[in-house]
S.K.: 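Quick one: the structure is below, and I'll ask about it shortly.
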Amino acid sequence: MLTFRCKIPRTTHRPLSHHLTTTTTTTTSPPPPQDAIAVLVLTTDPKTLTTTLEAHPVQWTPELVTGVFKRLWNHGPKALQFFDALDYHRAYAHSASAFDHAVDIAARLRRYHTVWALLARMRARRLGPTPKTFAIVAERYAAAGKPDRAVRIFLSMHHHGCSQDLKSFNTILDVLCKSKRVEKAYSLLKVFRGRFRADTISYNIIANGFCLINRTPRALEVLREMVERGLEPSLTTYNILLKGFFRTGQIKEGWDFFLQMKRRKCEIDVVTYTTVVHGFGVAGEVKRARKVFDEMIGMGVLPSVATYNALIQVLCKKDSVENAIVVFEEMLRKGYVPNSTTYNVVIRGLCHAGNMDEAMEYISRMKDDKCEPNVQTYNLLIRYHCDAGEIDKALEVFEKMGSGECLPNLDTYNVLISSMFVRKKSDDLLVAGKLLIEMVDRGFLPRKFTFNRVLNGLLLTGNQGFAKEILRLQSKCGRLPSQFRL
DNA sequence: GTAGGGTTAG
């Protein structure tokens, strides 16, 4: 056990009214402007997009532009076309946040030349790049398997008119940890802790990183070192460790740690309780999860929507959907507003229990609550339709997404492509090939495994010509060993 | 966009 004392600020609770729904009058309103624009971008030839956008009767604002970016998030190339086209607009100039979005998308597409050109343009217009911009670029490099570039970018920030400080240092540590490069982050901390005056947050980031890769003992070591250096652990520190124990299945250790937190008069908060409820539930200890949930209210710590989501999920998985729905209704009665995660958890539970019809009812309930189904909602519907052998229904859902309200993401394509193999129909493999081409077109990089599967399928069903086309695509994507490049 | 809790699937 750690030998440090808690010194934690009092927990503040939001009043319950914070969670209450505001009553809205139901009117049939036209689609929000960002939806219409997103569809316009998706269907317009890029060459004429600027003219089209200038003719579009709308007041351009940074908020609207952000809305369009969100809609186009899963179609990177179109999102960048939109950015460029609007950049030529006579009466509108992009904000720093629009540049950040564009940088994010270009980096995700691994168009690094575009990224650096955008950074230069930001600088020329005195819009940045800001520390946030660098955080985005570093994160994308780390996610693309280039953690060293991420570090170099952080170290070169000041060459781009952006100062380095403890905040940006902690950001780069977090970026490395979130891409599982925890050892690298820890080395960086050791090298620069003096220069940037590393604080509790820096160490919390590293400890959390080790917990994320299931190395809780190492997290403990890091925190011991932190204390030896005279830094005070915070409640966040304890919550990180607590979650670490439960993550690695150390239920006993987690529970003991929780008891010790209470004994030492830590101001245990809603995050602590949610961690324990979830931890117990995942371990199959549903009764204990519930007991902790009941206890927190008695202790004057109100559950949040996330706490309810944890409990509902756990009941779905380890108990029954029926009991989960009882809790869902109870949370509504108490005035909480479920979010899309809540709905997704319930809907997934229903699907898993084979109750597709009731799942669909919850989808309409979701819409009635002004909580639009998101890409995860669609993905889980597609997944469960496929599992039920109803491939056509899955494709139907997919078609609906494509119309622009919610563009498919990488998961959607992966699930759907896998399902094209279950019926052993030659036509399905052609669809799989088409999906593969479409996903690349939209800036997603299929795994080698996906390419090979589709290729084999096409070859076995006598579609040699199409297979060749896919092979060329794979080569273009750099997903072939170099000796096989076409 | 300086850290911690809730959505995925073997």
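Since the structure is predicted, the reported quantities are computational estimates derived from the model, not experimental observations. Residue numbers begin at 1 in each chain, while the letters A, B, ... track the order of the sequences.
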S.K.: Separation of Asn374(A) atom CG from dT8(B) atom P, in whole Å?
M.R.: 12 Å
S.K.: With a 4.0 Å cutoff (strictly under), does any side-chain N or O of Arg348(A) reach OP1 or OP2 of dT8(B)?
M.R.: yes
S.K.: Asp369(A) side chain to Cys371(A) main-chain N or O, any donor-acceptor pair under 3.5 Å?
M.R.: no
S.K.: For His159(A), does its backbone N or O pair with a side-chain atom of Ser156(A) as donor and acceptor, under 3.5 Å?
M.R.: no
S.K.: Let me know the distance between CG of Asp174(A) and P of dA3(B), rounded to the nearest Å.
M.R.: 6 Å
S.K.: How many Å lie between CG on Leu416(A) and C1' on dA9(B), as a whole number?
M.R.: 16 Å
S.K.: Taking CG from Leu166(A) and P from dG1(B), how many angstroms apart are they, rounded to a whole number?
M.R.: 17 Å
S.K.: Return the value, rounded to whole Å, for the distance between atom CG of Asn309(A) and atom P of dT8(B).
M.R.: 10 Å
S.K.: Contact class for Ser168(A) vs. all strands (heavy atom < 4.0 Å): base, sugar-phosphate, or nothing?
M.R.: nothing
S.K.: To the nearest angstrom, how far is Phe280(A) atom CZ from dG5(B) atom P?
M.R.: 18 Å
S.K.: Taking the side chain of Asp199(A) as its heavy atoms from C-beta onward, which of dA3(B), dT2(B), dA9(B) lies nearest to it?
M.R.: dT2(B)
S.K.: Just call it for Thr341(A): base, sugar-phosphate, or nothing, with non-hydrogen atoms closer than 4.0 Å on any strand.
M.R.: base
S.K.: Mind checking whether Tyr362(A) and Phe328(A) have parallel, tilted or perpendicular rings, split at 30° and 60°?
M.R.: perpendicular
S.K.: What is the distance from CD1 of Ile382(A) to P of dT7(B), rounded to the nearest Å?
M.R.: 21 Å
S.K.: Measure from the side-chain N and O atoms of Ser320(A) to the backbone N and O of Cys316(A), and report whether any donor-acceptor pair falls under 3.5 Å.
M.R.: no
S.K.: Hey, does the Lys NZ or Arg CZ of Lys291(A) hover above the aromatic six-ring of Phe293(A), less than 6.0 Å from the centre and inside 45° of the axis?
M.R.: no
S.K.: Looking across every strand, which nucleic acid part, if any, lies under 4.0 Å from Gln376(A) by heavy atom: base, sugar-phosphate, or nothing?
M.R.: base
S.K.: When we call it a touch if two heavy atoms are under 4.0 Å apart, what does Asn344(A) touch: a base, just sugar-phosphate, or nothing?
M.R.: base
S.K.: Mind calculating the distance between OH (Tyr413(A)) and C1' (dA9(B)) to the nearest angstrom?
M.R.: 21 Å
S.K.: Check every strand shown and say whether Lys243(A) touches a base, only sugar-phosphate, or nothing at a heavy-atom separation below 4.0 Å.
M.R.: sugar-phosphate
